[in-house]
Structures are given as C-alpha cells and as structure tokens.
Amino acid sequence: MQGYPRSTGNTSGKIITNAITYSHDNTAVEITSVINQRDRSASITITDHGIGIENKDLPNIFNEYFYSPRAALHNKATSGIGLSIVRIAAENNKLKIKVTSEPGAGTSFTVVFNDIELPDDDDH
C-alpha cells in the first residue's frame, strides 16, 4: 500500500474516538481485522454499540461540519469535521470506507486497504 501512513493511523484513530464517544455506557468497542490474500486486501472494522446513525443521515456523515441531530444531542461539543477529515485521508490513501448502522444499536466502520504487500511464503 502506498500513501501517507500517519494519515492512515489518524483515520482509524478518529473512527475509534467517535465509536467511544457515541457508545452507550458500559458497552465495548470492537476492533477486528481481516486479510484477504486472494485479492491482496486487508480491512479493519470498528464497531460500537451506541446511538447509531439514521439511514437518511448516512450519505452526509463525511460532509464537512455535518452532524446529525441525534449526534448533537449525545455530544454537544461536536464540531462535525472529524469524519470529513477521515474522508480526505481515505481518499489520499486510496482506502475505501464502508458504514453500516442501526439507530439505537450501533455503527460499524470498515476501512479497506487494497493492494497490500503480502509476505512471501519464505518470509514465515
């Protein structure tokens, strides 16, 4: 994978911070990873068990200064720029981000890394 490693870390960090911020009390944030050797990709999925995102808001969540009314009620300090920064970093690093959400139950963000370098069998 080529790109900007620091911004890739910031991407995951901002998603994890949001997952913690918008989770219900006493719930876990789950982080899983998968490597797909066949298509040379890897993914990281960050799942919270929180307030979720309404379907009508999903197309806008990466827009600068957008925050849903549900998010504003839960976190009055939000600026609405975090996920726009995530979008820019993902574009700069040719990453794909998939989002699924259920209001009141939680949200999953999957960051997909394409064209990863896999170790040769001799490297194991």
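The figures that follow rest on heavy atoms only: side chains count, while hydrogens, waters and symmetry mates do not.
Rounding to the nearest 0.5 Å places CD1 of I81 at 7.0 Å from NZ of K14. Rounding to the nearest 0.5 angstrom, the gap separating the OG1 atom in T100 from the NZ atom in K98 is 10.5 Å. We find the CD1-OG1 distance between I46 and T107 to be 12.0 Å, quoted to the nearest 0.5 Å. Here CD of E91 is found 13.5 Å from NZ of K96. Values are rounded to the nearest 0.5 Å. Rounding to the nearest 0.5 Å gives a distance of 12.0 Å between CD of E64 and CG of L83. To the nearest 0.5 Å, atom CG of residue D48 and atom CD1 of residue I15 are 11.0 Å apart.
Shown here is I35, whose CD1 atom has no more than 12 heavy atoms of other residues, nucleotides or ligands within 6.0 Å.
V29 and V34 fall into different hydrophobic clusters, where Ile, Leu, Val, Met, Phe, Trp and Tyr are joined by side-chain heavy atoms under 4.5 Å apart, directly or via other members. Connection of L118 to F113 is established within a shared hydrophobic cluster, with ILVMFWY side chains joined at heavy-atom distances below 4.5 Å, either directly or through further cluster members. Cluster annotation: I20 and I61 are assigned to the same hydrophobic cluster (Ile/Leu/Val/Met/Phe/Trp/Tyr, side-chain heavy-atom contacts under 4.5 Å, transitive). Put simply, V112 and I16 are part of two different groups of oily side chains (I, L, V, M, F, W, Y) that touch within less than 4.5 Å, one to the next.
Side chains of F66 and D57 form a contact here, defined as non-hydrogen atoms less than 4.5 Å apart. Here the side chains of I44 and I31 are in contact, with some heavy-atom distance below 4.5 Å. Between N114 and K94 there is no side-chain heavy-atom pair separated by less than 4.5 Å. Between F62 and I97, some side-chain heavy-atom pair lies under the 4.5 Å cut-off.
Summarising the geometry of H49 relative to A28, their closest heavy-atom pair is CD2-O, 3.1 Å, with the distance given to 0.1 Å. Scanning both residues, T11 and A89, for their nearest heavy atoms gives OG1-CB, 3.1 Å.
For the pair N93 (side chain) and L95 (backbone), a donor-acceptor distance under 3.5 Å is absent. Remark: the backbone N or O of G106 is paired with a side-chain donor or acceptor of S101 at under 3.5 angstrom.
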